[in-house]
Amino acid sequence: MQEVRVRFAPSPTGSLHIGGAKLVMYDVLFAHGQARREGKRGTFVLRIEDTDQKRFVEGTVENLMSELRWLGLEWDEGPDVGGPCGPYVQSERTHHYKEAAEQLIASGHAYRCFCSPERLKAVREDLQKRGLPPGYDRHCRNLSPDQVQAKLDAGESHVVRFRMPREGETIVPDLLRGDITYENEKLEDLVILKSDGFPTYHLAVVVDDHEMQITHVTRGPEWIPTAPLHVRLYDALGWEMPIFAHMPLILAPTGGKLSKRHGGASLTEFREGGYLPEALLNYLALLGWSLDGETEIFTMDTLLEHFTLERVSSSPATFDRDKLDWMNQYWINHLLTVDDLATRCLPFLIDAGTIEDGPADATHPRYDDVETASALLKDRVRLLTEAPDLMSYFLQDTLPDYDAALLIPKKADAATALRALEAVASVVSDVDLADEEATEARFRALADELGLKAGQLFMPIRVAATGRTQSPGLFETLRAIGQDRVESRVAQAIDKLKATNQV
RNA sequence: GCCCCCAUAGUCUAGCGGCCCAGGACGUCACCCUUUCAAGGUGAAGAUCGCGGGUUCGAAUCCCGCUGGGGGUACCA
């Protein structure tokens with residue numbers, strides 16, 4: 001049985017899109033999961049397709065690799081880790097493509113085209129005007145060897161085009177969709193080698209996939225229309241064709257491709273937006289694949305166990321932020337340990353200035369406090385970016401200013417709130433807030449003494465202690481804030497109420 | 001325009017000829033729990049399986065057409 005080899009081949013033109021991240025994950029799952037279960041040793045290759053110098057963006061390769069590692073997706077061969085089929089950067093492999101192009105010219109499968117970009121544009125416009133499909137008119141297809149030599153001698157710049165058969169059909173077998181049939185007559189003589197000596201995607205991908213012994217070509221569906229050229233190229237070069245699997249596209253909620261306009265599509269934005277790599281992976285896995293339609297929660301481990309290419313859907317999926325958010329919260333609340341959550345909140349807390357700068361790990365001087373807050377808030381943090389706000393009253397000594405009206409409980413007035421808080425102030429120093437049960441018993445009794453419902457007493461205390469009407473359970477919250485800060489915050493609340501002149 | 005892909009609730013999906021007048025999840029709504037908000041629990045609404053023809057004793061499932069959505073149509077990937 002043949003070894004499974006797949007590859008992800010991005011062009012370094014910008015930040016990695018989540019569609020790309022999903023492709024990488026499926027590659028890793030297929031190579032390391034399904035392949036292994038089938039008794040093969042799968043390899044995942046990372047290759048950089050930088051054949052278009054004009055679109056190259058500095059730093060994107062490094063960014064891409066660091067974002068993939070953030071997700072926990074590793075490659076077996078690639079530009080940084082090397083491997084037996086290197087180099088893994090196409091701009092360093094140009095001689096391979098030139099050789100292949102020369103071979104194709106020699107065998108009559110390709111020809112040199114001397115048409116200028118201006119002429120091509122004019123041809124396209126003319127065809128379009130006449131209501132015909134725009135394209136190349138095969139002007140140089142039948143140049144005689146003498147004509148070609150003459151132009152070459154004259155130093156005319158040229159490209160190399162593939163000589164597509166004019167009749168018959170080309171079949172592209174796709175693992176997810178079956179055979180896709182094209183009439184050769186409708187196919188163009190596409191450029192495979194540009195005038196600058198660089199190959200186009202079509203030649204480069206076929207040459208590299210062959211030389212890197214790729215067994216399964218996984219890629220986005222935008223490549224389906226040019227796949228027949230790739231099939232023809234394999235045939236003309238006399239190489240065995242890999243298995244094609246064109247993955248489904250991720251659509252924006254508004255339809256069309258997902259982009260930055262739709263609230264962040266790059267991996268960087270998700271990382272900075274407070275998403276866990278585990279949750280993102282879990283969500284992405286389900287966007288186009290399912291185990292049984294029932295199971296929703298997957299770790300990379302269980303995915304490796306169950307993922308198969310055969311169960312990948314061929315229809316596109318719409319990206320749903322709400323479900324991703326739910327997934328993220330679920331992971332925080334149910335799969336992460338308190339310790340883990342605290343560690344992951346640290347960078348966000350430091351960044352927001354909620355706690356002082358320091359190492360983003362358990363050695364940070366405030367780590368214990370963050371852990372305490374994490375324990376109480378883990379069931380209500382959706383995104384890690386919410387941590388600074390949600391944890392502020394636990395981690396900071398002073399409360400930001402809040403509206404005194406919040407201190408007044410439902411169906412009560414300012415006088416009642418003041419009376420309640422003054423009563424609390426008089427007993428709180430005798431209550432051990434570290435003992436939640438005793439605290440609760442004492443305050444419930446206090447409510448009775450004051451003729452208030454428990455909630456009518458608890459709300460003013462909550463607001464006094466936290467500056468807001470929503471918090472975890474009151475007594476665990478008081479315990480975590482601590483005796484001193486609670487006492488001073490109650491005193492401040494009393495002053496605040498008095499200052500309203502309503503009492 | 002031409003070529004290609006796709007088509008089950010708002011969204012992700014299960015279903016691969018009878019078990020389905022369609023199951024799960026997100027979202028929505030209600031109730032329970034309750035000191036608030038969450039979390040959790042229970043339940044509800046929501047899909048004539050895009051439409052129309054076939055094939056079959058029987059179709060969400062197979063075939064054809066249409067419609068809709070998407071992709072491609074570059075010396076970009």
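To find a chain, count down the sequence lines: A is the first, B the second, and so on, and within it residues start at 1.
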Touch class at under 4.0 angstrom, heavy-atom based, for [X] against every strand present:
{"X": "A:R311", "value": "sugar-phosphate"}
{"X": "A:K453", "value": "nothing"}
{"X": "A:H334", "value": "sugar-phosphate"}
{"X": "A:P248", "value": "nothing"}
{"X": "A:S315", "value": "sugar-phosphate"}
{"X": "A:R468", "value": "nothing"}
{"X": "A:G288", "value": "sugar-phosphate"}
{"X": "A:Y182", "value": "sugar-phosphate"}
{"X": "A:S314", "value": "sugar-phosphate"}
{"X": "A:T51", "value": "sugar-phosphate"}
{"X": "A:P316", "value": "sugar-phosphate"}
{"X": "A:W223", "value": "base"}
{"X": "A:V159", "value": "base"}

Identity of whatever pairs with [N] - Watson-Crick or G-U, under 3.5 angstrom:
{"N": "B:rA22", "value": "none"}
{"N": "B:rG43", "value": "B:rC29"}
{"N": "B:rG50", "value": "B:rC66"}
{"N": "B:rG1", "value": "B:rU73"}

Which nucleotide in the list [options] gets nearest to the side chain of [X]?
{"X": "A:R462", "options": "B:rU35, B:rC5, B:rC12", "result": "B:rU35"}
{"X": "A:Y330", "options": "B:rG40, B:rA25, B:rA39", "result": "B:rG40"}
{"X": "A:Q329", "options": "B:rU36, B:rU13, B:rA38", "result": "B:rA38"}
{"X": "A:E222", "options": "B:rC26, B:rG71, B:rA38", "result": "B:rG71"}
{"X": "A:L287", "options": "B:rC4, B:rG71, B:rC12", "result": "B:rC12"}
{"X": "A:E49", "options": "B:rA77, B:rG40, B:rC6", "result": "B:rA77"}
{"X": "A:D320", "options": "B:rA25, B:rG10, B:rG70", "result": "B:rG10"}
{"X": "A:K323", "options": "B:rA38, B:rG24, B:rA14", "result": "B:rG24"}
{"X": "A:I180", "options": "B:rC75, B:rC6, B:rC4", "result": "B:rC4"}
{"X": "A:T318", "options": "B:rC12, B:rG71, B:rG27", "result": "B:rC12"}

Between atom [atom1] in [X] and atom [atom2] in [N], what is the gap in whole Å?
{"X": "A:E294", "N": "B:rU13", "atom1": "CD", "atom2": "C1'", "result": "10 Å"}
{"X": "A:D322", "N": "B:rC29", "atom1": "CG", "atom2": "P", "result": "12 Å"}
{"X": "A:L251", "N": "B:rG10", "atom1": "CG", "atom2": "P", "result": "16 Å"}
{"X": "A:L229", "N": "B:rC4", "atom1": "CG", "atom2": "P", "result": "17 Å"}
{"X": "A:Y393", "N": "B:rU36", "atom1": "OH", "atom2": "C1'", "result": "10 Å"}
{"X": "A:K378", "N": "B:rA38", "atom1": "NZ", "atom2": "P", "result": "18 Å"}
{"X": "A:L127", "N": "B:rA74", "atom1": "CG", "atom2": "P", "result": "11 Å"}
{"X": "A:D196", "N": "B:rC75", "atom1": "CG", "atom2": "P", "result": "12 Å"}

- prompt: Are A:D208 and A:Y97 linked by a side-chain donor-acceptor pair shorter than 3.5 Å?
  reply: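 A donor-acceptor contact under 3.5 Å links the two side chains.
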
query: For A:R232 and A:T170, does a side-chain donor sit closer than 3.5 Å to a side-chain acceptor?
result: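 A pair is found: one side chain offers a donor N or O, the other an acceptor, under 3.5 Å apart.
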
Using the [atom1] atoms only, state how far [M] lies from [N], rounded to an integer number of Å.
{"N": "B:rG68", "M": "B:rU56", "atom1": "C1'", "value": "29 Å"}
{"N": "B:rU34", "M": "B:rG15", "atom1": "P", "value": "41 Å"}
{"N": "B:rC64", "M": "B:rC5", "atom1": "P", "value": "11 Å"}
{"N": "B:rC66", "M": "B:rG1", "atom1": "P", "value": "14 Å"}
{"N": "B:rC32", "M": "B:rG18", "atom1": "C1'", "value": "41 Å"}
{"N": "B:rA47", "M": "B:rA14", "atom1": "C1'", "value": "14 Å"}
{"N": "B:rU8", "M": "B:rG46", "atom1": "C1'", "value": "13 Å"}
{"N": "B:rA45", "M": "B:rC31", "atom1": "C1'", "value": "14 Å"}

hbond_proxy A:R55 side chain to B:rC76 base (donor-acceptor, 3.5 Å cutoff):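 By the distance-only test, yes, there is a pair.
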
field: Base of B:rC75 paired with side chain of A:S195 (donor-acceptor, under 3.5 Å)
entry: yes

- prompt: Mapping A:T295 and A:S11 to their closest nucleotides on RNA chain B, which lands nearer the 5' end?
  reply: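 In this pair, the answer is A:T295.
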
- prompt: Mapping A:A454 and A:L291 to their closest nucleotides on RNA chain B, which lands nearer the 5' end?
  reply: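 Closer to the 5' end of RNA chain B: A:L291.
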
Look at the rings of [X] and [Y] and say which category their plane angle falls in: under 30° parallel, 30 to 60° tilted, over 60° perpendicular.
{"X": "A:W223", "Y": "A:H202", "value": "perpendicular"}
{"X": "A:Y111", "Y": "A:Y136", "value": "parallel"}
{"X": "A:F244", "Y": "A:H246", "value": "parallel"}
{"X": "A:F307", "Y": "A:W289", "value": "tilted"}

Does a side-chain N-to-carboxylate-O contact under 4.0 Å join [X] and [Y]?
{"X": "A:D448", "Y": "A:R444", "answer": "no"}
{"X": "A:R442", "Y": "A:E449", "answer": "yes"}
{"X": "A:R219", "Y": "A:D209", "answer": "no"}

- request: Respond yes when some side-chain nitrogen or oxygen of A:K194 is under 4.0 Å from OP1 or OP2 of B:rC76, and no when none is.
  value: yes

message: What verdict does the salt bridge (charged side-chain N to carboxylate O under 4.0 Å, His left out) test give for A:E296 and A:K323, after you've listed the backbone C-alpha separation in whole Å, the side-chain angles of each residue and the deciding distance to 0.1 Å?
response: CA-CA 11 Å; A:E296 298 276 331; A:K323 185 150 188 180; 3.1 Å; yes

